[in-house]
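Below is one structure, written out as structure tokens; the observations come after it.
As a basis for the values below, the full set of heavy atoms in this structure was taken, side chains included, without hydrogen atoms, waters or symmetry mates.
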Amino acid sequence: NSIKRRLEKSFNPFSSELKRRKLIKRIDYYLEKFSQNPAKIAELAPYIQISDQNVILPKNSEETQATLAGMFFSLNRQQYDEAVFDKEKEHRQIEAVAAFLSGFHLQMGTGEGKSTTVFPIVALVEALTNEKKSAILATSDESNLGDLEENTRKLIMIASQHSLNLTGIS
């Protein structure tokens, strides 16, 4: 019976949708928390280490994913002038990250930030929360792959300015 319930839950699209909705709310919460007080990122930095991050970060992997995604969105936001920053676009990107982390596939239009924001954040969150400490980004478009790599490296560089050591991620 317990195996049947676990299988039903793992294949239940409603549980994935519930996870997606919860992630959106939690990512928004952490984004605001880190945006209002960027020093919180530096306080969290010593605990986000490739070798032992599961020991310190919240035990619930969804909460860990939301914390990390909110932090990376906050770091990403720092790249842009506040006067021209598009918060509606950022919210669509948060929804996309939550969807990917919940196991959904989705389609986004050109210019929505797939290669600049969504995929790099998903890759870093996945790399920090899975056992292999890595994530695979693949595309059939070689120039898009270069953009993905560059944007992921840029986010890692911004994170390093806040004392985050992400050098162990591949």
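Not a single side chain to side chain donor-acceptor pair (under 3.5 Å) links Glu150 to another residue, sequence neighbours left out. For Gln161, there are no side chain to side chain donor-acceptor pair (under 3.5 Å) partners, not counting sequence neighbours. Here Gln79 pairs with Asn76 under the side chain to side chain donor-acceptor pair (under 3.5 Å) rule; sequence neighbours left out.
The CZ atom of Arg26 sits 8.5 Å away from atom NZ of Lys33, with the distance rounded to the nearest 0.5 Å. Rounding to the nearest 0.5 angstrom, the gap separating the CD atom in Glu90 from the CZ atom in Phe73 is 6.5 Å. The line from CD1 of Ile41 to OG of Ser35 is 7.5 Å long, rounded to the nearest 0.5 Å. Atom CG of Asp147 is separated from atom OG1 of Thr116 by 9.0 Å, given to the nearest 0.5 angstrom. Here Leu164 contributes atom CG and Leu44 contributes atom CG; the two are 7.0 Å apart, rounded to the nearest 0.5 Å. Atoms NZ and CG, on Lys114 and Leu148 in that order, are 10.0 Å from each other to the nearest 0.5 Å.
In this structure, Tyr29 is a member of the same hydrophobic cluster as Leu75, with clusters built from ILVMFWY side-chain heavy atoms closer than 4.5 Å. A continuous path of hydrophobic side-chain contacts links Ile27 to Met108 [ILVMFWY only; heavy atoms under 4.5 Å].
Between Ser115 and Pro120 the shortest heavy-atom distance is O-CG, 3.4 Å. Counting all heavy atoms, side chain and backbone alike, Ser74 lies closest to Leu31 at N-CD1, 3.4 Å. Counting all heavy atoms, side chain and backbone alike, Pro38 lies closest to Gln78 at CB-NE2, 4.3 Å.
For the pair Thr67 (side chain) and Glu63 (backbone), a donor-acceptor distance under 3.5 Å is present.
The distance between the ring centers of Phe100 and Phe119 falls below 6.0 angstrom.
For Glu62 and Lys22, the salt-bridge test passes: some basic side-chain N is under 4.0 Å from an acidic carboxylate O. Comment: Lys40 engages Glu43 in a salt bridge, judged by a side-chain N to carboxylate O separation of less than 4.0 angstrom. In summary, Glu32 and Arg77 engage in a salt bridge, as defined by a charged side-chain N under 4.0 Å from a carboxylate O.
You'll find the side chain of Arg20 stays beyond 4.5 Å of the side chain of Leu101, heavy atoms only. Within the 4.5 Å cutoff, side-chain heavy atoms of Leu155 are placed close to those of Ile121. No side-chain heavy atom of Val97 sits less than 4.5 Å from a side-chain heavy atom of Val125.
In summary, of the residues considered (Arg92, Gln93, Lys89), a side chain to side chain donor-acceptor pair (under 3.5 Å) with Glu112 occurs for Arg92 alone.
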